[in-house]
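Scroll down for the structure; my scribbles are underneath it.
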Amino acid sequence: MKLSLGFSPCPNDTFIFDALIHKKIDTEGLDFEVSYDDVETLNQKAFNQQLDITKLSYHAFAYALENYVLLDAGSALGFGVGPLLIANQDFDESLIQQKPDLLKVGIPGKYTTANFLLGVAYPQLQNKQEIVFSQIEQKLLNREIDLGLIIHENRFTYHEKGLKKIMDLGDYWEKTTQSAIPLGGIVIKRSLPEEVKLKVNRLIRKSVEFAFANPKSGLDYIRSHAQEMSEEVMYKHISLYVNQYSVDLGAEGRKAIQQLFQTAQDKRIIPNYNKSIFLT
């Protein structure tokens, strides 16, 4: 049986899925047709039900619950992993409170969890421009935007370009909720047979476990999709986003996700929903 699978070319995702798609583990009769896309493209593909299995933002998942259910394996949750709001060194931070409407904010996508966290911390910042995450820093340097919301490996490189941090939105969330930050998860179509959904969940867990046991096994594959980053930065990226929650959400991970959904619903950032979030 062949299933379509979407995830990002970022090191954390390629690290997780290497063993699965290259059959370094027994895939139990399943084959996978892979699409590599940035997170907002994956969100849109989920809205259009284009993929059987996909990575997506937890924010976006609230809009895809009707057709997808969350797997316990493969998620990106954690502490100290949130998006950063950044600006040029000469940016006057008082403008955020005094003249927020005049500020143009580059975001990696409307339905990203990063944008959700920005809305929680800075609801007054409404003048947003959607930009592919890897281009946000350059747009700031070109003065095309006033603030940038960065994710992924850009957390490690922005300061080298003369940019400064305004707020760590992940830190803000952690202090406000005392919970891990749910960034992205792996979902599967509800319409697939239950045994297939459970098998995929089991295989992704095995793939993550293989990666942890053999961390350099997928190095060439990870590097081939990474954006001109050193091996050190790649593995910093992986260690930041791949952890015990990626193996299995567990009670703590599920609680964090439920808290995000409840907060988003209370603030009317997401619609009401009546479908189960979790596979089992």
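The residues of the chain are indexed from 1 along the displayed sequence. From a predicted model like this one, the values you see are computed outputs, not experimental measurements.
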Give a yes or no on whether a salt bridge exists between [X] and [Y], defined as a side-chain N under 4.0 angstrom from a carboxylate O.
X      : Y      : result
Glu231 : Arg223 : yes
Glu144 : Lys139 : yes
Arg143 : Asp90  : yes
Arg205 : Glu209 : yes

Can you check whether [Y]'s main-chain N or O pairs, donor with acceptor, with [X]'s side chain at less than 3.5 Å?
X      : Y      : value
Ser217 : Asn214 : no
Lys197 : Arg190 : yes
Gln126 : Pro123 : yes
Asp248 : Gln244 : no
Thr113 : Leu183 : yes
Lys45  : Gly6   : no
Asp92  : Ser94  : yes
Thr177 : Ser179 : yes
Asn201 : Asp72  : yes
Ser207 : Leu20  : yes

Quiz item: Aromatic rings His225 and Tyr221: how do their planes relate, parallel, tilted or perpendicular, breaks at 30° and 60°?
Solution: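 Ring orientation of His225 relative to Tyr221: perpendicular.
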Quiz item: Which of parallel (below 30°), tilted (30 to 60°) and perpendicular (above 60°) describes Phe17 and Phe7?
Solution: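 It falls in the parallel class, under 30°.
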Exercise. Measure the spacing between CG of Leu125 and CG of Asp146 and express it to the nearest 0.5 Å.
Key: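 Rounded to the nearest 0.5 Å, the CG-CG separation comes to 10.0 Å.
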Quiz prompt | Check: Tyr111 ring centroid to Phe47 ring centroid under 6.0 Å | solution =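 Centroid distance Tyr111-Phe47: below 6.0 Å, so yes.
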Self-check item: Centroid separation Phe61 to Tyr68 less than 6.0 Å
Solution: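 No.
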Self-check item: Stepwise ring-ring contact (aromatic ring centres under 6.0 Å, His included) test for Tyr58 and Phe116
Solution: CA-CA 9 Å; Tyr58 275 109; Phe116 161 74; over 10 Å; no
Quiz item: Can Ser246 and Tyr241 be said to form a side-chain hydrogen bond (donor to acceptor under 3.5 Å, both in side chains), step by step?
Solution: CA-CA 8 Å; Ser246 307; Tyr241 295 108; over 6 Å; no
Exercise. Determine whether His59 and Ile269 make a side-chain contact, defined as any pair of heavy atoms from C-beta on separated by less than 4.5 Å.
Key: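 The answer is yes; the side chains approach within 4.5 Å.
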Quiz item: Hey, any chance Ile181 and Leu70 share a hydrophobic cluster, counting ILVMFWY side chains that come within less than 4.5 Å of each other, even indirectly?
Solution: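 As far as the 4.5 Å side-chain criterion goes, Leu70 and Ile181 are connected within one cluster.
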Exercise. Look at the side-chain heavy atoms of Ile, Leu, Val, Met, Phe, Trp and Tyr, link any pair under 4.5 Å apart, and say whether Leu51 and Met1 land in one connected group.
Key: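 In one cluster: no.
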Exercise. Could you tell me whether Lys216 sits above the aromatic face of Tyr235, with NZ or CZ closer than 6.0 angstrom to the six-membered ring centre and within 45 degrees of the axis?
Key: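 Pair Lys216/Tyr235 counts as cation-pi.
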Exercise. List the steps, then state whether side-chain hydrogen bond (donor to acceptor under 3.5 Å, both in side chains) holds for Asn12 with His237.
Key: CA-CA 7 Å; Asn12 59 305; His237 181 110; 2.8 Å; yes
Quiz item: Nearest heavy-atom pair of Ile188 and Val196: which atoms, and what distance?
Solution: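 Shortest heavy-atom contact: CD1-O, 4.5 Å.
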Practice problem: Report the C-alpha separation of Lys23 and Asp31 in whole Å, then their side-chain angles, then the decisive distance to 0.1 Å, and conclude whether the salt bridge (charged side-chain N to carboxylate O under 4.0 Å, His left out) test is met. | Solution: CA-CA 9 Å; Lys23 297 195 173 182; Asp31 290 304; 2.4 Å; yes
